[in-house]
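Both backbone and side-chain heavy atoms feed into the values below; hydrogens, waters and symmetry mates do not.
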Amino acid sequence: MTTTISGELTRPGLGGGFRDLRQSSFLLKLLVRKELKVRYRGSVLGLLWSYVKPAVQFIVFYVALGVFLGLERSARNPDGLSNYAVYLFSGIVLINFFSEALGNSARSIVNNGNLIKKIYLPRELFPVASVWVSAVHFFPQLVVLVIGCVVAGWHPDAFQLLAAVGGFAIVGFLATGLGLLFGAANVYFRDSENLVDMLLMVATWASPVMYSWTMVESKLGPGFFALYQANPITVGVELFHYAFWYPTTDGSAAMPPNLFSLWLPVGMVISLVVLALGQLTFRRLEGRFAQEL
């Protein structure tokens with residue numbers, strides 16, 4: 001007797017992409033818990049490092065830029081930024097999320113090589129779990145930011161809160177897409193880790209975290225400024241400024257023109273395109289992960 005097996009044949013090791021993530025939500029939660037436990041194993045402060053590290057980073061940048069370089073508005077510098085501490089920290093928390101999410105997801109496949117070689121499970125779980133872990137670390141920083149904003153007189157409306165959600169989504173999609181892209185490339189070319197490190201170093205200074213967008217416009221001109229403003233990280237940071245810093249000012253602070261009518265859609269589209277390209281590249285390369293590792 002001959003038995004015929006019908007159905008579409010797939011290449012060994014090739015998953016279904018993001019469709020598999022919906023069916024593996026329990027595994028995703030386990031990986032997130034595992035990464036958190038491994039990261040803080042033997043640590044005295046544990047998750048408190050999520051508060052300590054950005055706090056030290058904020059103090060260093062605030063003293064160097066706000067005090068020494070005079071970016072904060074004062075009697076001696078009326079052209080500086082009001083509530084510069086809130087302005088600075090609202091950008092830092094988002095950049096920290098992006099840096100951690102991309103850095104860890106780019107190394108996630110190689111770091112979990114032993115597990116990948118032993119059993120099959122959707123490989124996208126590892127970069128996505130790294131982004132989720134970064135979101136867990138992002139939340140305590142967000143709480144500190146909100147407390148600081150309230151002390152500074154924060155009075156947001158619903159639209160400004162939605163702007164923060166939009167900024168986080170843009171940066172999250174971008175980090176996930178780049179994490180998939182570099183996570184797959186890192187299996188074949190370990191130089192990808194160094195490329196990611198340089199990219200993250202540039203990302204901190206290529207967006208208006210520590211300075212105002214008006215400085216960029218005055219130096220680069222409208223043509224190059226449009227290219228600068230199309231950067232999804234720049235859009236995300238400015239949305240965070242609009243949500244957290246702008247409501248603490250007197251309303252006279254200048255926000256980039258066309259932030260919602262033009263740059264928010266542009267930033268979201270670019271992030272989604274990067275996410276799609278990252279997923280496509282990941283699926284094309286994942287079939288030989290086990291052999292290469």
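- Here L28 contributes atom CG and R33 contributes atom CZ; the two are 10.5 Å apart, rounded to the nearest 0.5 Å.
- You'll find the side chain of Q141 stays beyond 4.5 Å of the side chain of V144, heavy atoms only.
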Run the ring pair (Phe, Tyr, Trp, His ring centres under 6.0 Å) check on Y87 and F244 step by step: do they pass? CA-CA 8 Å; Y87 181 92; F244 297 105; over 10 Å; no
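- Once rounded to the nearest 0.5 Å, the distance linking CG of L181 with CG of L277 reads 8.0 Å.
- The two residues A135 and F168 come nearest to each other via the heavy atoms CB-CZ, 4.4 Å.
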Derivation and outcome, side-chain contact (heavy atoms from CB on, under 4.5 Å), residues L102 and F98: CA-CA 6 Å; L102 177 54; F98 175 77; 3.8 Å; yes
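- In this structure, T281 contributes its side chain and G278 its backbone to no donor-acceptor pair below 3.5 Å.
- To the nearest 0.5 Å, atom CE of residue M268 and atom CH2 of residue W263 are 15.5 Å apart.
- Annotation: side chain of L239 is in contact with side chain of L259 (closest heavy-atom distance under 4.5 Å).
- Taking both residues in full, the closest heavy atoms of V93 and F138 are given as O-CD1, 3.6 Å, listed atom of the first, atom of the second, then distance.
- Looking only at side-chain heavy atoms (C-beta outward), L161 and D157 stay at 4.5 Å or farther from each other.
- When the side chains of ILVMFWY residues are joined at heavy-atom separations under 4.5 Å, either directly or via intervening members, I92 and M201 end up in two distinct hydrophobic clusters.
- Hydrophobic clustering (ILVMFWY, side-chain heavy atoms < 4.5 Å, transitive): V150 and L145 are in one cluster.
- In this structure, L262 is not a member of the same hydrophobic cluster as L162, with clusters built from ILVMFWY side-chain heavy atoms closer than 4.5 Å.
- Nearest heavy atom pair, residue V196 against residue A106, reads CG2-CB, 3.9 Å.
- Inter-residue side-chain proximity for P127 and T176 is flagged as unmet; no heavy-atom pair is nearer than 4.5 Å.
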Could you give me the CA-CA distance, side-chain angles and deciding distance for W245 and N83, then say whether side-chain contact (heavy atoms from CB on, under 4.5 Å) is met? CA-CA 7 Å; W245 169 71; N83 291 333; 4.1 Å; yes
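- Side-chain contact between F224 and K219 is absent, with no heavy atoms from C-beta onward closer than 4.5 Å.
- Between F89 atom CZ and L142 atom CG the span is 9.0 Å, to the nearest 0.5 Å.
- With ring centers used as reference points, F282 lies under 6.0 Å from F289.
- By the ring-ring contact (aromatic ring centres under 6.0 Å, His included) test, F260 pairs with F159, Y242, sequence neighbours left out.
- Using a distance-only test at 3.5 Å, with no hydrogens or angles considered, no donor-acceptor pair links the side chain of S99 to the main chain of N96.
- Using modelled atom types, one finds no donor on one side chain facing an acceptor on the other under 3.5 Å when comparing Q229 with E238.
- Smallest separation of non-hydrogen atoms from A206 and Y228: O-CE1, 3.2 Å.
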Would you check, one step at a time, whether the test side-chain contact (heavy atoms from CB on, under 4.5 Å) holds for V274 with L178? CA-CA 7 Å; V274 171; L178 292 176; 3.8 Å; yes
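- Side-chain atoms of W132 do not come within 3.5 Å of backbone N or O of L31 as any donor-acceptor pair.
- Aromatic rings from Y246 and H241 are positioned such that their centres are separated by 6.0 Å or more.
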Is there a side-chain contact (heavy atoms from CB on, under 4.5 Å) between V266 and I270 once you walk through the steps? CA-CA 6 Å; V266 168; I270 293 176; 3.8 Å; yes
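- Atoms OG and CH2, on S207 and W213 in that order, are 15.5 Å from each other to the nearest 0.5 Å.
- Here the shortest heavy-atom pairing between V131 and F97 reads O-CE1, 3.9 Å.
- Here the shortest heavy-atom pairing between V32 and A129 reads CG2-O, 3.9 Å.
- A side-chain donor-acceptor contact under 3.5 Å links N112 to the backbone of S108.
- One finds the CE atom of M255 at 11.0 Å from the OG1 atom of T214 (value rounded to the nearest 0.5 Å).
- Judged purely by atom type and a 3.5 angstrom limit, R190 uses its side chain to pair as donor or acceptor with the backbone of N186.
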